[in-house]
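Reviewing the structure listed below.
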Protein chains: 2
Amino acid sequence: MTQRRMRLLTVETILDAALVCIDESGQLTMTELAKKLGTTASSVYHHLDGRAAIIEALRERVLSAVELPLMDSSSWDVQIRSWMHSFRHAMAQHPNLIPLAMEQTITAGRALVGYDRIAGLLQAAGVAPKYVIVWLSVLECYALGSALDLAAPDEAWRVGREDLPTLSNALELASRGRQRADEAFELGVDALLLGLRTRLEMHR
Amino acid sequence: MTQRRMRLLTVETILDAALVCIDESGQLTMTELAKKLGTTASSVYHHLDGRAAIIEALRERVLSAVELPLMDSSSWDVQIRSWMHSFRHAMAQHPNLIPLAMEQTITAGRALVGYDRIAGLLQAAGVAPKYVIVWLSVLECYALGSALDLAAPDEAWRVGREDLPTLSNALELASRGRQRADEAFELGVDALLLGLRTRLEMHR
DNA sequence: ACCTGAACACCGTTCAAGT
DNA sequence: ACCTGAACACCGTTCAAGT
């Protein structure tokens, strides 16, 4: 009966609540977070070192859902493709987190293992060693831009100007919202890898 | 002699100062901006409707430096390529602005004319009408991701872990900082366009 | 060890009062 | 019309005081 009073907060519960805040409102304020936890903002500081640390931890959590490229027998472009998909799928679970996570640094610690394997795949595919990082950057830029695209409001693609007939017409025929973003991601990854493959074959 | 007192502020001078703030510190606070202008924060509100409006105006200003795709006789991929370069070059002048401009909306009003022409080029190249917007999204995602790459600190690509030999070795051989970002952008654009061209030829 | 309320420095923005 | 100082609501963070 005289059970010790339960801990109100845990790193886990705080991160859970913070992610809910971000998913719901796209923002993260310490007061809103505290309210959702039923405490005050200052309590949070006993478990995590401020707002920046919370966002950092959430980015790690989301990135940890990215599957490592499998070391199986499939070809290098299939493996890279599936890794890009896994990356974007993880990001797509919490699109509102993406702009917040951008504020700090871009490349993460935990993702490095994945990067190492991708570097190996690129090298095995025939990319010259001094260009492996450059190609890794290319893939990262596209993955990042596509992730941001997930967070963008679809209204951005509304035109309503009659002096831009080609664009207006194309928008009529196009898919919208998430589906457009998904199709674009797919197409872009394939084009990047096809471009890389074609270039490698040309230089052989 | 009895010259009317000069106006202290203009929309132009405010935007100039704001851009200096952002270039210098990567931030934009109204008080810092006011100090740089030699006035108080509240004065600014007589000319521009708050911080968000300032960033919006700056984004328009930077985007207005993007050259429209020329309607000349060069092939579609050369034209698209030069437009992508112009876009990124404009962004590269003020990399610190990019994350701030992301906070609001992504696609801009003024850029729409450029988008219309790119849509025309894609269609002329043989892209099916319902996929024109999707391809436009692909190009935008990559341009955006590459722009963000410009704002990222280079330390992000420092590893120092011996359990990741491929990545560490690749980093040794790679170029760094701005040069790496430039090379990556170049390579990615070419790969995307080469991929698109190859795909179009396959489906012909 | 964990939680709390009050306090602090700093935001963006508004507004009545000046010229 | 343009500028200003004071005020307001709201941030993130710190800290002495409680249990």
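Each chain gets a letter, A, B and so on, in the order the sequences are listed, and its residues count up from 1. Because the structure is a prediction, the values reported are computed rather than measured.
Of the residues in residues 19-31 of chain A, none lies under 4.0 Å from DNA chain C by heavy-atom distance.
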Subject >> Audit row: A:Met102, B:Met102, side-chain contact (heavy atoms from CB on, under 4.5 Å) steps and yes/no >> reply: CA-CA 10 Å; A:Met102 296 278 179; B:Met102 297 278 181; over 6 Å; no

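C:dC10 atom C1' lies 12 Å from atom NZ of B:Lys35, rounded to whole Å. The distance from atom CZ of B:Arg7 to atom P of D:dA1 is 12 Å, rounded to the nearest whole Å. Computed from coordinates, the B:Leu37 CG to D:dC3 P distance equals 10 Å when rounded to whole Å. Spacing between atom CG of B:Leu48 and atom P of D:dC3 amounts to 12 Å, rounded to whole angstrom units. Rounded to a whole Å, the CG atom of A:Leu8 is 11 Å from the C1' atom of C:dT4. With rounding to whole Å, B:Ile14 atom CD1 is found 11 Å from D:dC2 atom P. Atom CD1 in A:Ile55 sits roughly 13 Å away from atom C1' in D:dC11 (whole-Å rounding). Here D:dT14 presents its C1' atom at 12 Å from CG of A:Asp49, a figure rounded to the nearest Å.
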Could you pull out every donor-acceptor pair under 3.5 Å between side chains of residues 120-135 of chain B and any protein atom, sequence neighbours left out?
none

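The side chain of B:Tyr45 approaches C:dG12 more closely than any other nucleotide in the set C:dG12, D:dT13, D:dG5. With D:dT14, C:dT13, D:dC3 as the choices, the nucleotide that has an atom nearest any side-chain atom of B:Leu9 turns out to be D:dC3.
Looking at residues two or more places apart in sequence or on another chain, you find a side-chain hydrogen bond (donor to acceptor under 3.5 Å, both in side chains) between A:His94 and A:Asp23. Take A:Ser74 and apply the side-chain hydrogen bond (donor to acceptor under 3.5 Å, both in side chains) test, not counting sequence neighbours, and it matches A:Asp72.
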Original post:
Could you spell out the base pairing of DNA chain D in dot-bracket, with Watson-Crick or G-U pairs whose two distances are under 3.5 Å, [ ] crossing and | to another strand?
Top reply: ||.|||||...|||||.||

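Checking side-chain atoms of B:Thr10 against main-chain N and O of B:Thr13 turns up no donor-acceptor pair under 3.5 Å. Looking only at distances, a side-chain donor or acceptor of B:Asn96 sits under 3.5 Å from a matching main-chain atom of B:Ile22. Using modelled atom types, no side-chain atom of B:His89 and backbone atom of B:His85 make a donor-acceptor pair closer than 3.5 Å. Looking only at distances, a side-chain donor or acceptor of B:Ser25 sits under 3.5 Å from a matching main-chain atom of B:Gln27. In this structure, the side chain of A:Arg117 engages the main chain of A:Pro69 through a donor-acceptor pair within 3.5 Å. With hydrogens and angles ignored, the 3.5 Å screen pairs no side-chain donor or acceptor of B:Asp149 with any backbone N or O of B:Ala181. Between the side chain of A:Arg51 and the backbone N or O of A:Thr29 there is no donor-acceptor pair closer than 3.5 Å.
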Pairs under 3.5 angstrom, nitrogen or oxygen only, protein versus nucleotides 6-9 of chain C, please.
none

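The aromatic rings of A:Phe185 and A:Tyr142 lie parallel to each other, with less than 30° between the two planes, well short of the 60° mark.
Between A:Ser43 and the phosphate of C:dT4, there is a side-chain N or O to OP1/OP2 separation shorter than 4.0 Å. When the side-chain nitrogen and oxygen atoms of A:His47 are compared with OP1 and OP2 of C:dA1, none of them lie within a distance under 4.0 Å.
Where B:Gly50 and B:His46 meet DNA chain C, the nucleotide closest to each residue was compared, and B:Gly50 sits on the side nearer the 5' end.
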